[in-house]
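Below is one structure, written out as structure tokens, with a few remarks after it.
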Number of protein chains: 2
Amino acid sequence: MTKIPAKPKGAAVKPRTRIQRAKREAILEAGLDVFSQEGFRGATLDRIAKAAGLSKPNLLYYYPSKDAIHEALLRGLLDTWLAPLGAMDPDGDPLTEILSYVQGKLALSRDYPRESRLFANEILRGAPNMKPMLQTHLRQMVEDHAAIIRGWIDAGRIAPVDPVHLIFSIWALTQHYADFEVQVRAVMGEDHDPFPGAAAHLDTLFRRMLSPA
Amino acid sequence: MTKIPAKPKGAAVKPRTRIQRAKREAILEAGLDVFSQEGFRGATLDRIAKAAGLSKPNLLYYYPSKDAIHEALLRGLLDTWLAPLGAMDPDGDPLTEILSYVQGKLALSRDYPRESRLFANEILRGAPNMKPMLQTHLRQMVEDHAAIIRGWIDAGRIAPVDPVHLIFSIWALTQHYADFEVQVRAVMGEDHDPFPGAAAHLDTLFRRMLSPA
DNA sequence: CGTCCGTTTTACCGAATGGTCAAATAAGAC
DNA sequence: GTCTTATTTGACCATTCGGTAAAACGGACG
């Protein structure tokens, strides 16, 4: 890489080199581990640094503060966590659309439990860093989906339900298997994988609730 | 109160006087506030003491450590949180039994959201202080209830479902309105009370899922 | 070689935190 | 009033925490 002029000197503002990108990625990975387990206040820079294989000052060379790491992770949640929410085709078969959304969300809980717990921790604290986003972005998303669902109901294609509470139900039921994994495993046994059973159960649940009378 | 011989000198071991009981109660109340909002690590003795109207050393006179307060609160959860679980009459009408259990649990979320969030925080951290209890007490409770439900299913009195996942569903759906209250309010609007709608929705949901075919 | 520049480390700082101690202060019991 | 015991307080401590400063390192390029 040849010398680039006008290189902003405020070290590590945007990931330029592959190395920087990799280290910042490692830090986010470590931060996700620690924040999702311990919550924001419980997480320490030392633990994150150690988990990322860096010294604390070195970590702070890439991210200027603990808050910065946390906020970067929360911003990342928008992609990993809320993007799959964007998929509900008003022209598709209602039950199929909803059921596959449910299964997709359940798969997220299985494959990205740390992200789910990070989000849960943030909400539990009162969402100090996400409230504006929830009140705008998420709210809009819910309203859009609710409108679609309401359309299906009005057309008699699924049984009538409150669309907003239906969406809450999907979130609650799927995220439960990530956020309360410890409880689920304590009840079902440590070696028992709860997800296949959960997938079948949720399919049954929503199918029966929504099948038109 | 006359002199009691062999009075254990390790100050404030068990609440003897009315005053002691009141102060310990105030501390638990303050601790519930702070722990449920901030999580274990986020809660500080200073904040708890201030919320309880005491100085920090005075607080530590009644409870020997931060852990002691936290553990006392978690022990208390068994009564406030899991006791209403004890009520499912195998000889009652299945749907009525389950639906009233659901409504009872939802009322808990409405009336004791701090307890729900305290529990959620503990589970999210991996339940370091409750795991043994979950694996014994709670597991047993779930198995007992599952057996009752399975009996109802075998008798054809409700539609077949996985009883354990059914119980998880009830917990997830009801606790969601306490633990994710901020999100619910952000989506529905701050002034909108979600609980009436939730009650109706959950009644519909479980009724449709469980009504025999 | 030296120099430049991004990176890493060592040493450190001030504030916060969980907790202690001993002295001061209520609060009965007699 | 006085003795005893329970309670409260202020001063303090060791550790941890988030963060800083500056020096040392290391590779790319002339």
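A note on names: the letters A, B, ... follow the listed sequences, proteins ahead of strands, and every chain is numbered from 1.
Distance B:L60 CG to D:dC13 P: 18 Å, rounded to the nearest Å. If you measure from atom CG of B:L59 to atom P of D:dG10, you get 15 Å, rounded to the nearest angstrom. Computed from coordinates, the A:K50 NZ to D:dT16 C1' distance equals 14 Å when rounded to whole Å. C:dT7 atom C1' lies 8 Å from atom NZ of A:K23, rounded to whole Å. In this structure, CZ of A:R24 is placed 14 Å from C1' of C:dG6, rounded to the nearest angstrom.
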Worked check of side chain to side chain donor-acceptor pair (under 3.5 Å) between A:Q37 and A:D33: CA-CA 6 Å; A:Q37 260 181 46; A:D33 256 12; 5.5 Å; no
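OP1 or OP2 of D:dT7 has at least one side-chain nitrogen or oxygen of B:Y61 nearer than 4.0 Å. Contact annotation: A:N58 does not reach the phosphate of C:dT7 (side-chain N/O to OP1 or OP2, under 4.0 Å). A sub-4.0 Å separation between OP1 or OP2 of C:dT17 and a side-chain N or O of A:R41 is present.
Backbone-only engagement by B:L45 is indicated by non-hydrogen atom pairs under 4.0 Å involving sugar-phosphate atoms exclusively. A:A43 comes within 4.0 angstrom of the backbone, heavy atoms only, and of no base. Counting any heavy atom pair closer than 4.0 Å across all strands shown, A:A49 reaches no nucleic acid atom. B:R47 comes within 4.0 angstrom of no nucleic acid atom, judged by non-hydrogen atoms across all strands.
With B:M188 as reference, B:H192 is the one residue of B:R185, B:E190, B:H192 to meet the side chain to side chain contact (heavy atoms under 4.5 Å, CB included) rule.
Between B:E29 and B:R114 a salt bridge is recorded (basic side-chain N to carboxylate O distance below 4.0 Å). We find that B:K56 and B:D46 are joined by a salt bridge, their nearest charged nitrogen and carboxylate oxygen being less than 4.0 Å apart.
Among the nucleotides C:dT8, D:dG19, C:dG19, the one closest to any side-chain atom of B:K66 is C:dG19. Closest to the A:S65 side chain, of the nucleotides D:dG19, D:dT9, C:dG6, is D:dG19. Checking C:dG6, C:dG18, D:dG18 against the side-chain heavy atoms of B:T44 singles out C:dG18 as nearest. You'll find that the side chain of A:Y62 is closest to C:dT7, out of C:dT7, D:dC17, C:dG19. If you check C:dG6, D:dA6, C:dT8 against the side chain of A:Q20, the one that comes closest is C:dG6. Nearest nucleotide to the A:S55 side chain, out of C:dT9, D:dT8, C:dG18: C:dT9. The nucleotide whose nearest atom lies closest to any side-chain atom of A:K56 is, among D:dG10, D:dT8, D:dG19, D:dG19.
Using cut-offs of 30° and 60° on the angle between ring planes, the pair B:Y177 and A:F168 is perpendicular.
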